[in-house]
Each structure stands twice: as structure tokens, then as C-alpha cells.
Student: 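Please see the structure below; I have some questions.
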Amino acid sequence: MLLPPERLEHYTTNLGQHLQRLATSIRDYQANKALKTPQIVERANRLWELSQRYRLVKGTNEAAANALLAACQEVYEHIYRSILELVDQLANVSNQVTDFEREFQTFIEEQKDGRIPFSLNEFVEWLEDSLSSLQNQAKYLELHLRQLHPKLLVGDSTLEAFKADLQLPEHLEANISLGLAKIDRLSKHPLDL
């Protein structure tokens, strides 16, 4: 049984708006991450340099060691705040995904004939996969950031792992870009079968 026209219009409007907000939030996240990545890399390199200096003077010159440790901590805090801001943005995207899925589920329950727009169903899967990839990247960044803590004496391999985690693999970046293009098309008519 098809939904009455006013209910169909309600879901078309709501789901389309959810999709547009999601696209905007994901693009904002990507833009913010692209803006912050060079700064984070620069600060990570600086942290490594300072920690190497700290390692050299630790035990021989306490005043210099304390000054270097304080400088390391300051750089570390900048990196930490940048990563935390990205994590917060992802939490916002995750909340929007939950809102979208809730609205989509309500639509499915109300649509008694079981017909679900294939493109919308496919999009939900893409959304979950993309969000999971971005959240995994953020978790690895947090993990490697902890290993960059000044008191742990940063090693070269830890720094390289951290910098590598700042970049998503190309196939995931391409998948996210393709999905965003689909959102633009799908948000206009989300319930087209």
C-alpha cells in the first residue's frame, strides 16, 4: 500500500533535508581536516624535534630539559585540541546519521508494501561505511597522538605512523566523494524508486 500523498511529501521533504545537512556536515569535516592537516603535521614534526632535544639534555641540564619539556607539552596540546575538534565534528555527523536512520526507519515502518527506494537503501549502507571509516581514522589518530606524548620520548616510527593516519586511503576518499555527489542528486528526490 502506498502512502497518502501528504505523508509521501512529508518524508520526501524530511529525508531530503537530512541528506542535505549530512552532506554539508561531511564536507565541513573534510574541509576542516584538510585545513588542519598541514598544521598538525608541522606541529608533529616540531614535537619530534623538541623531544629529541629533550632526550639529549635530560639528566645533564635540568633547566633546559624542563624548558624543552614545557615546549613539547605546549605543542602536544595544540595537536590534541585539533584532533579533539575533528572528533567532535565526527560526533555531530554521527548524531545526524542517527537522526536520518531514525526518520528512514519510520518511513519503512509506515510504508506497508515493503517497497524501499533502492538508492536510499544503498545510501544508508554507504553512510554507515563512510562514517565508520572516518571514526576509525580518528581513533587511530587519538591512539598515535597518545604515543606522541612528550614524556614518552617520541620515536621516528611513531611520528611516521601518526602522519600516515592523517590521510585516508585513496579508495576511501574516492568513495566518500562519490557518495557526496550521490547525496546531492538523491536529496532532491529521496523516495524515487
Side-chain angles (χ1 to χ4, degrees), residues 20-100 125-181 183-184:
Q20 289 172 347
R21 280 192 300 271
L22 272 167
T24 299
S25 294
I26 292 170
R27 284 186 178 105
D28 288 348
Y29 172 80
Q30 288 182 310
N32 191 23
K33 185 175 164 284
L35 182 69
K36 288 189 178 303
T37 296
Q39 297 167 355
I40 292 172
V41 168
E42 181 183 321
R43 287 187 175 126
N45 288 332
R46 178 77 176 140
L47 179 61
W48 182 83
E49 176 190 327
L50 289 169
S51 70
Q52 297 308 305
R53 289 181 187 179
Y54 170 75
R55 185 181 292 174
L56 289 173
V57 299
K58 185 177 96 173
T60 59
N61 185 340
E62 190 172 324
N66 287 338
L68 285 167
L69 190 56
C72 285
Q73 187 64 37
E74 184 180 325
V75 173
Y76 178 84
E77 287 296 322
H78 281 287
I79 297 170
Y80 178 78
R81 283 192 300 273
S82 294
I83 300 295
L84 195 59
E85 186 179 321
L86 293 173
V87 169
D88 286 346
Q89 271 189 296
L90 276 179
N92 181 39
V93 171
S94 179
N95 290 338
Q96 290 179 9
V97 168
T98 301
D99 292 344
F100 174 80
E125 291 175 16
W126 169 84
L127 197 54
E128 290 170 352
D129 290 344
S130 297
L131 181 60
S132 176
S133 296
L134 292 172
Q135 288 172 328
N136 284 339
Q137 179 190 32
K139 290 205 183 306
Y140 274 105
L141 284 172
E142 287 181 292
L143 175 69
H144 283 119
L145 179 62
R146 286 187 187 110
Q147 294 172 349
L148 288 176
H149 196 277
K151 290 190 177 183
L152 297 178
L153 300 175
V154 178
D156 211 14
S157 62
T158 303
L159 176 66
E160 293 308 314
F162 178 77
K163 290 193 300 189
D165 285 338
L166 281 168
Q167 302 300 320
L168 272 178
E170 273 186 40
H171 72 282
L172 291 176
E173 285 284 353
N175 187 34
I176 290 171
S177 295
L178 180 62
L180 287 170
I183 287 177
D184 292 337

Student: Taking all atoms of both residues into account, what is the closest heavy-atom pair of Cys72 and Leu47, and its distance?
Tutor: O-CD1, 3.4 Å
Student: Using a strict cut-off of less than 4.0 Å between a Lys/Arg side-chain nitrogen and an Asp/Glu carboxylate oxygen, indicate whether Glu49 and Arg46 qualify as a salt bridge.
Tutor: yes
Student: First locate atom CG of Asp28, then atom NZ of Lys33, and finally report the distance between them rounded to the nearest 0.5 Å.
Tutor: 14.5 Å
Student: Look up atom CG in Asn45 and atom CZ in Phe162, then write down how far apart they are to the nearest 0.5 Å.
Tutor: 10.0 Å
Student: Minimum heavy-atom separation for Ile176 and Trp126, please, with both atom names.
Tutor: O-CZ2, 3.5 Å
Student: Just do the side chain to side chain contact (heavy atoms under 4.5 Å, CB included) check on Arg81 and Glu85 with the steps written out, would you?
Tutor: CA-CA 6 Å; Arg81 283 192 300 273; Glu85 186 179 321; over 6 Å; no
Student: Measure the spacing between CG of Asn66 and OH of Tyr54 and express it to the nearest 0.5 Å.
Tutor: 7.5 Å
Student: Please name the pair of heavy atoms, one in Arg27 and one in Leu180, separated by the smallest distance, quoted to 0.1 Å.
Tutor: NH2-O, 3.4 Å
Student: Mind listing the closest non-hydrogen atom pair of Val97 and Leu22 along with its distance?
Tutor: CG2-CD2, 3.7 Å
Student: Within a reach of under 6.0 Å around CD of Glu42, are more than 12 heavy atoms found that belong to other residues, nucleotides or ligands?
Tutor: no
Student: Could you check if a side-chain atom of Leu168 sits within less than 4.5 angstrom of a side-chain atom of Leu134, using non-hydrogen atoms only?
Tutor: yes
Student: Rounded at 0.5 Å granularity, tell me how far OH in Tyr29 sits from CG in Asn92.
Tutor: 12.5 Å
Student: Just to verify, which of Gln96, Gln89, Gln30 counts as forming a side chain to side chain donor-acceptor pair (under 3.5 Å) with Ser25?
Tutor: Gln96
Student: Rounded to the nearest 0.5 Å, what separation is found between the CG atom of Leu50 and the CD atom of Gln73?
Tutor: 11.5 Å
Student: Apply side chain to side chain contact (heavy atoms under 4.5 Å, CB included) to the pair Gln52 and Arg55, showing each step before the final yes or no.
Tutor: CA-CA 5 Å; Gln52 297 308 305; Arg55 185 181 292 174; 3.6 Å; yes
Student: Let me see the working for Lys139 and Glu142 under salt bridge (charged side-chain N to carboxylate O under 4.0 Å, His left out), right down to the final yes or no.
Tutor: CA-CA 5 Å; Lys139 290 205 183 306; Glu142 287 181 292; 5.0 Å; no
Student: Report the distance from atom CG of Leu166 to atom CD1 of Ile83, rounding to the nearest 0.5 Å.
Tutor: 6.0 Å
Student: Can you give me the closest heavy-atom contact between Ala138 and Val87, atom names plus distance?
Tutor: CB-CG2, 4.0 Å
Student: What are the two closest non-hydrogen atoms of Leu131 and Ser94, and how far apart are they?
Tutor: CD2-CA, 3.7 Å
Student: If we only count heavy atoms from C-beta on, is the Ile40 to Leu145 side-chain gap below 4.5 Å?
Tutor: no
